[in-house]
Amino acid sequence: MARTTQEALERIWRVVASIPPGEVESYGSVARRAGLPRRARLVGHALKAAPEELRLPWHRVVNAAGRISFPEGSAAHALQRSRLEAEGVQFRGAAVVRAARRAPEDLDALLWAPPGAPAVRRAR
DNA sequence: GTTGTGACGACTT
DNA sequence: AAAGTCGCCACAA
């Protein structure tokens, strides 16, 4: 697979570049898609080391909890959040709301929940 | 060499 | 649910 670190970084950059506007992906997920399972930390390094000319949508990468990995109050945190909000990404507290995950849950509930069954956990 | 530090995450308490 | 713990490994000192 990735024989050198440089090659790994390039694969990560390509994956990040493929994240559509308005969506987010976790570091771990990016790593897996790049063929580098368990290398979430490397994704962080890759973004830090990414050449500015690539114009990567780095702001679409958040941690597994759906939260921005820069310290709250930092300029980078504020920039990432504002860029996401500008693309229509919604937040619930500090975590992003992932529409792609919520819809199927609700659909399953509508299609399969027997009448009178305990309510499926509602999205906040 | 060795050690400490992460833009992380999965598991276990 | 929240806090530890451990795995991961590139880099800098």
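The sequence lines fix the lettering, A, B, ..., with proteins before strands; numbering per chain opens at 1.
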Student: What are the residues of residues 68-90 of chain A, sorted by number, that bring a heavy atom to within less than 4.0 Å of DNA chain C?
Tutor: none
Student: I'd like a table of donor-acceptor pairs (distance under 3.5 Å, sequence neighbours excluded) in which one partner is a side-chain atom from residues 50-58 of chain A, with atom names and distances.
Tutor:
residue, atom, partner, partner atom, Å
A:Glu52, OE2, A:Arg55, NE, 3.2
A:Glu52, OE2, A:Arg55, NH2, 3.4
A:Arg55, NE, A:Glu52, O, 3.4

Student: Contact boundaries of DNA chain C with chain A (under 4.0 Å, heavy atoms), 5' to 3'?
Tutor: C:dG7 to C:dC11
Student: Under 4.5 Å between any side-chain heavy atoms of A:Leu36 and A:Val30, yes or no?
Tutor: no
Student: Any salt bridge (Lys or Arg N to Asp or Glu O under 4.0 Å) pairs touching residues 9-20 of chain A, not counting sequence neighbours?
Tutor: A:Glu7-A:Arg11
Student: If you apply the rule side chain to side chain contact (heavy atoms under 4.5 Å, CB included), what do you find for A:Leu42 with A:Leu9, and how did you get there?
Tutor: CA-CA 8 Å; A:Leu42 185 59; A:Leu9 297 189; 4.1 Å; yes
Student: Hey, could you give me each pair passing side chain to side chain donor-acceptor pair (under 3.5 Å) that has a residue in residues 62-74 of chain A? Not counting sequence neighbours.
Tutor: A:Asn63-A:Ser69
Student: Can you name the nearest heavy-atom pair linking A:Phe70 to A:Gln80, along with the distance?
Tutor: CD1-OE1, 3.5 Å
Student: Mind checking side-chain contact (heavy atoms from CB on, under 4.5 Å) for A:Ala40 and listing every partner two or more places apart, or none if nothing turns up?
Tutor: A:Tyr27
Student: Which parts of residues 29-44 of chain A get close to DNA chain B, meaning a heavy atom less than 4.0 angstrom away?
Tutor: A:Arg32, A:Ala40, A:Arg41, A:Gly44
Student: After noting the C-alpha distance and the side-chain angles of A:Val16 and A:Arg60, does the key distance pass the side chain to side chain contact (heavy atoms under 4.5 Å, CB included) rule?
Tutor: CA-CA 8 Å; A:Val16 171; A:Arg60 296 178 194 142; over 6 Å; no
Student: Near DNA chain B, under 4.0 Å by heavy atom, which residues of residues 45-55 of chain A?
Tutor: A:Leu47, A:Lys48
Student: If the condition is side-chain hydrogen bond (donor to acceptor under 3.5 Å, both in side chains), which residues does A:Ser26 pass it with, not counting sequence neighbours?
Tutor: none
Student: Quick check for you: name the first and last nucleotides of DNA chain B, 5' to 3', having an atom under 4.0 Å from a heavy atom of chain A.
Tutor: B:dG6 to B:dA10
Student: Do you know the tightest heavy-atom contact between A:Phe91 and A:Val97?
Tutor: C-CG2, 4.0 Å
Student: If a pair satisfies salt bridge (Lys or Arg N to Asp or Glu O under 4.0 Å) and one of its residues is in residues 27-46 of chain A, list it, with sequence neighbours excluded.
Tutor: A:Glu25-A:Arg33
Student: Run the side-chain hydrogen bond (donor to acceptor under 3.5 Å, both in side chains) test against A:His59 and tell me which residues pass, sequence neighbours left out.
Tutor: A:Glu87
